[in-house]
2 protein chains.
Amino acid sequence: MRIGQLADRAEISTATVRYYESIGLMPEAERTAGGYREYGPEDLERLLFVRDAQTAGLSLTQIGDVLTMKANGESTCGHTAELLRHHLADIDAQVVRLMATRAALQQLVSRAESLDPADCGDPNRCQVIASHAGDAHPHHGRRESLAVTNV
Amino acid sequence: MRIGQLADRAEISTATVRYYESIGLMPEAERTAGGYREYGPEDLERLLFVRDAQTAGLSLTQIGDVLTMKANGESTCGHTAELLRHHLADIDAQVVRLMATRAALQQLVSRAESLDPADCGDPNRCQVIASHAGDAHPHHGRRESLAVTNV
DNA sequence: CAAAGCCTTGAAGTCGGCTTGAGAGTATGC
DNA sequence: GCATACTCTCAAGCCGACTTCAAGGCTTTG
C-alpha cells in the first residue's frame, strides 16, 4: 500500500509517516518504480504500536529505543517493563500535582463565587487570585497552593 | 531594587524577568542613570502573582489577560473566575486521561511481570506492548487502552 | 491525453516558556 | 585604578511532535 492508505489506516497524516521515517522511527520504505513509498501490513503494525506506546505516554525517542532493541533481537521485555514502570511513577506524580492544583483552583473558584459582585467594580479589590504579599517563598520547592489577596 | 534582586526574590532568573517584559507580562521597568532596570515591591508582587497563576496552570497569555483587565480597571473577578472554571474542567479532563493511561500501563506492567523471563530471549515474542493486530480502529477518538500482542 | 488526485523533496514554521551566548557598559569594594 | 560582579541588548537556540509550504513528478480516470 502507498503512504496515503497507510496513513489513513493508522489515522495519522502522511506527513507524520514521513516525519517518523526521518527520525528513524519508521524504516526507510521501499519504493515503487515511480518513487512512491510502498508499505506492507507490518508497517501498519508498527505505526499502531507507536500509537499505543504514545497513548501510554512514551516519547517517540523511548518508543524508538524499544523498537531498536526489538530489531536487534535484544530482550525487550525487561527494558520495556522498566520503562513502563518509570512512566507509571511519572504519571502518579503528575496526577498528584494536578490534584493539588485542582484543589487550589477549586478554592479560588469558590471564593470567586462567594464574592459580592459589587466589590468587583473596584479595580484594586478583585480578590480572586493573588500571591501572598510578604510571604517569604522558601527555596525551590514548587508551590502547589494559591493564596487569596488583592490583585 | 535591580533585576538580580528581584529575580532572586521571585525565584526566577533575570533572563526570565526580561523575557516577561518582552512579552508584555511585566511593564517596562524604569531605568537608573546607568540604564539598569529599577523595580519596586509591586513588581515583585506581580511576579509572585504570575507564579501563582502559573501554578494554577494558567498560560502566560491568560495571566497577561487577567493582568491587563486589572490594569484597565475592568471587573476581573467575573472573567478570572470563568477562566479558572474553564481551567478546572481542563484539569479534570486531563486527570481522567492520565488515569486511563495509568490503568493501561499498570496492566502492561503486570503482564510484563507475570511473563516467563525465558520467553524474552525470543525477539519475536516480547509481549509487553503491542497494538491490536486487525483491530479496526474507529475514527478519531483517542484510544485509552493498550493491547497485548507480539511486538 | 488531460484533469484530478496522489505522491515527492527539503526547508521552514508552530507552540510555550524559557535559556544561552556574545560583546559591551555600569557599579562596587579594596 | 582595577578586579569582579552585575547589568545591558539583541539574536538565536532548545524541547517535542508535528504541520505547512513550494514546486514539482507519478497515476488513475474519463
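Just so we're on the same page: letters track the sequence lines, and every chain starts at 1. As the structure is a computational prediction, the values presented were derived from the model and not from experiment.
Note on A:Ile23: nothing from the nucleic acid sits closer than 4.0 angstrom, heavy atoms only.
The separation between B:Arg2 atom CZ and C:dG25 atom C1' is 12 Å, rounded to whole Å. We find that CD of B:Glu11 is positioned 14 Å from P of C:dC18, with the value rounded to whole Å. C:dT26 atom C1' lies 17 Å from atom CD of B:Gln5, rounded to whole Å. Rounded to an integer number of Å, the gap from B:Tyr39 OH to D:dT7 C1' is 11 Å.
Within a 6.0 Å sphere centred on CD of A:Glu28, heavy atoms belonging to other residues, nucleotides or ligands number 12 at most.
Residues meeting the side-chain contact (heavy atoms from CB on, under 4.5 Å) test with B:Thr32, sequence neighbours left out: B:Tyr36, B:Glu38. For A:Ser13, the side chain to side chain donor-acceptor pair (under 3.5 Å) test picks out A:Thr16, with sequence neighbours left out. Residues meeting the side-chain contact (heavy atoms from CB on, under 4.5 Å) test with A:Pro41, sequence neighbours left out: none. Residues passing the salt bridge (charged side-chain N to carboxylate O under 4.0 Å, His left out) test with A:Glu21 are A:Arg37, sequence neighbours excluded. Applying the salt bridge (charged side-chain N to carboxylate O under 4.0 Å, His left out) criterion to B:Asp92, with sequence neighbours excluded, gives A:Arg102. With sequence neighbours excluded, no residue forms a side-chain contact (heavy atoms from CB on, under 4.5 Å) with A:Glu30. Applying the salt bridge (charged side-chain N to carboxylate O under 4.0 Å, His left out) test to A:Arg85 and every residue at least two apart in sequence or in another chain returns B:Glu113.
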Distances under 3.5 Å only, N/O to N/O: pair up the protein atoms with those of nucleotides 9-13 of chain C.
residue, atom, partner, partner atom, Å
C:dT9, OP1, A:Arg31, NH1, 3.2
C:dT9, OP1, A:Arg31, NH2, 2.8
C:dT9, OP2, A:Arg37, NH1, 2.7
C:dT9, OP2, A:Arg37, NH2, 2.6

Give the B/S/- string for nucleotides 10-25 of chain D, one per nucleotide from 5' to 3', where a protein heavy atom under 4.0 Å of the base yields B, of only the sugar-phosphate yields S, and otherwise -. -------BBSB----B
